[in-house]
K.L.:
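Pasting in a structure now, in structure tokens, and then I'll have a few things to ask.
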Amino acid sequence: MANDPTLSLEDFLAAVPERTRLIGLDLGTKTIGLALSDLGRGIASPMETIRRKKFTQDAEQLLKICADQEVGGIVLGLPLNMDGTEGPRAQATRAFTRNLAQKTELPITLWDERLSTAAVTRTLLEADSSRAKRAEVVDKMAAAYILQGFLDRLGHMGLGS
């Protein structure tokens, strides 16, 4: 895709400095869920949820967190349709990625996030979480689910911790 700043898995890994954390993002229309990896890139932990305002404010808040946490790369969930095609949400994610790439040198890659929110919601329901509690944590938990899937892939490639 022309002007696509996202990197393939291999190029992303080559661009990310060793012994740095990765941050996972679950991009919603109202919030951005954040998760952070450990330095060994084996475990993703839910971090926080950013309430979206305007892109510039959201990006500044995100990039400050990346700097504070010494993040080496960004893994952004790509919301594909169940048949693998891209709909409006995927296009919005790609637009966010293009705009974010103009504000940072951090490498960015996309990770298929199909069913991440559904899986997290199901887990929270099984844990008997209240609706209010689920709403409060689902975005950062979905980000952790996305990032953990990415980290697991690295582990299967022999590139994890």
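Atom set for the values below is all heavy atoms of this structure, side chains included, hydrogens, waters and symmetry mates excluded.
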K.L.:
Once rounded to the nearest 0.5 Å, what's the spacing between atom OG1 of Thr97 and atom CG of Leu27?
P.N.:
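So the OG1 of Thr97 and the CG of Leu27 are separated by 7.5 Å.
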K.L.:
Got Ile108 and Phe12 here, is their nearest side-chain heavy-atom distance under 4.5 Å?
P.N.:
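No, every pair of side-chain atoms sits at 4.5 Å or beyond.
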K.L.:
One pair to check against side-chain contact (heavy atoms from CB on, under 4.5 Å): Arg94 and Glu86. What are the steps and the verdict?
P.N.:
CA-CA 10 Å; Arg94 287 194 182 276; Glu86 293 189 16; 2.7 Å; yes
K.L.:
Can you tell me how far CZ of Arg98 sits from OG1 of Thr93, rounded to the nearest 0.5 angstrom?
P.N.:
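With rounding to 0.5 Å, OG1 (Thr93) is 10.5 Å from CZ (Arg98).
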K.L.:
For a quick test of reading the model, state the closest non-hydrogen atom pair linking Gln148 to Gly42 and the distance between them.
P.N.:
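Reported closest heavy-atom pair: NE2-O, 3.0 Å.
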K.L.:
For the CD atom of Gln69 and the CG atom of Leu36, what is their distance to the nearest 0.5 Å?
P.N.:
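Here the interatomic distance stands at 5.0 Å.
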K.L.:
Just wondering, do Thr109 and Thr6 contact through their side chains at under 4.5 Å, heavy atoms?
P.N.:
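In short, these two side chains do not touch, never coming nearer than 4.5 Å.
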K.L.:
Same cluster or not: Leu110 versus Ile74, using hydrophobic residues (I, L, V, M, F, W, Y) connected whenever any side-chain heavy atoms lie under 4.5 Å apart?
P.N.:
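Yes, it is one cluster - the side chains of Leu110 and Ile74 are joined through contacts under 4.5 Å.
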K.L.:
Take atom CD of Gln91 as the centre, draw a 6.0 Å sphere, and report whether it contains more than 12 heavy atoms from other residues, nucleotides or ligands.
P.N.:
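Yes - once you tally the heavy atoms of other residues, nucleotides and ligands closer than 6.0 Å, there are more than 12.
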K.L.:
Check for me, please, whether Ile146 and Leu13 land in the same ILVMFWY cluster - side-chain distances under 4.5 Å, paths through other members count.
P.N.:
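Both belong to a single hydrophobic cluster.
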K.L.:
Taking only residues two or more places apart in sequence, or in another chain, which ones meet Asp112 in a salt bridge (charged side-chain N to carboxylate O under 4.0 Å, His left out)?
P.N.:
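Listed in chain order: Arg114.
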K.L.:
Determine whether the side chains of Arg89 and Thr29 contain a donor N or O and an acceptor N or O closer than 3.5 Å.
P.N.:
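Arg89 vs Thr29: no donor-acceptor pair found between side chains.
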K.L.:
Say whether Val71 and Leu100 are linked into one hydrophobic cluster, either directly or through other cluster members, by side-chain heavy-atom distances under 4.5 angstrom.
P.N.:
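Yes: a chain of side-chain contacts under 4.5 Å links Val71 to Leu100.
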K.L.:
Taking the side chain from Asn81 and the backbone from Asp83, do they hold a donor-acceptor pair closer than 3.5 Å?
P.N.:
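Side chain of Asn81 to backbone of Asp83, a donor-acceptor pair under 3.5 Å: no, none is there.
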K.L.:
Considering all heavy atoms of both residues, which atom of Arg19 and which atom of Leu39 are nearest to each other, and what is their separation?
P.N.:
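Heavy atoms only, the tightest pair is O-CD2, 3.4 Å.
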K.L.:
If you look only at distance, which donor and acceptor atoms sit under 3.5 Å apart when one is on a side chain in residues 55-66 and the other is two or more places apart or in another chain?
P.N.:
from: Asp58; atom 1: OD1; to: Lys53; atom 2: N; distance (Å): 2.9
from: Asp58; atom 1: OD2; to: Arg52; atom 2: NE; distance (Å): 3.3
from: Lys64; atom 1: NZ; to: Asp68; atom 2: OD2; distance (Å): 2.8

K.L.:
Which heavy atom of Ser45 sits nearest a heavy atom of Ala144, and at what distance?
P.N.:
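So the minimum-distance heavy-atom pair works out to C-CB, 4.2 Å.
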K.L.:
In terms of hydrophobic clustering (I, L, V, M, F, W, Y; side-chain heavy atoms under 4.5 Å; direct or indirect links), are Trp111 and Leu147 co-clustered?
P.N.:
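Yes: a chain of side-chain contacts under 4.5 Å links Trp111 to Leu147.
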K.L.:
What is the minimum heavy-atom distance between Ala143 and Gly33, and which atoms define it?
P.N.:
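Result for this residue pair: CB-O, 3.3 Å.
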K.L.:
Would you say the side chain of Leu7 lies within less than 4.5 Å of the side chain of Pro107, judging by non-hydrogen atoms?
P.N.:
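With C-beta onward as the side chain, the pair touches.
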K.L.:
For Ile43, which fellow cluster members are found when Ile, Leu, Val, Met, Phe, Trp and Tyr are connected by side-chain heavy-atom distances below 4.5 angstrom, either directly or through intermediates?
P.N.:
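Once heavy-atom contacts under 4.5 Å are chained together, Ile43 still belongs with nothing else.
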K.L.:
Which pair of non-hydrogen atoms, one from Leu151 and one from Ala44, has the smallest distance, and what is that distance?
P.N.:
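Scanning both residues completely, I find the closest heavy atoms to be CD1-N, 3.7 Å.
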K.L.:
Could you check whether Thr49 and Asp139, counting side-chain N and O atoms only, form a donor-acceptor pair closer than 3.5 Å?
P.N.:
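No, because no side-chain N or O of Asp139 sits under 3.5 Å from a partner of the opposite role on Thr49.
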K.L.:
Would you compute the distance between atom CG of Leu34 and atom CD1 of Ile50 and round it to the nearest 0.5 angstrom?
P.N.:
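Answer for the CG-CD1 pair, Leu34 versus Ile50, is 4.5 Å.
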K.L.:
How about Phe150 and Tyr145: are their ring centroids closer than 6.0 Å?
P.N.:
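Centroid separation for Phe150 and Tyr145: 6.0 Å or greater.
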K.L.:
For a 4.5 angstrom cut-off between non-hydrogen side-chain atoms, does Phe96 reach Ile32?
P.N.:
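In contact.
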K.L.:
Roughly how far, to the nearest 0.5 Å, is OG of Ser37 from CD1 of Ile23?
P.N.:
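Result: 9.5 Å between the selected atoms.
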K.L.:
Looking at Leu106 and Gly73, what are the two nearest heavy atoms and their distance?
P.N.:
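Scanning both residues completely, I find the closest heavy atoms to be CD2-N, 4.2 Å.
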K.L.:
Any heavy-atom pair between the side chains of Thr20 and Arg41 that's under 4.5 Å?
P.N.:
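Contact flag for Arg41/Thr20 side chains = yes.
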K.L.:
Drop me the distance from Asp38's CG to Arg21's CZ, to the nearest 0.5 angstrom.
P.N.:
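Asp38 CG to Arg21 CZ: 7.5 Å, rounded to 0.5 Å.
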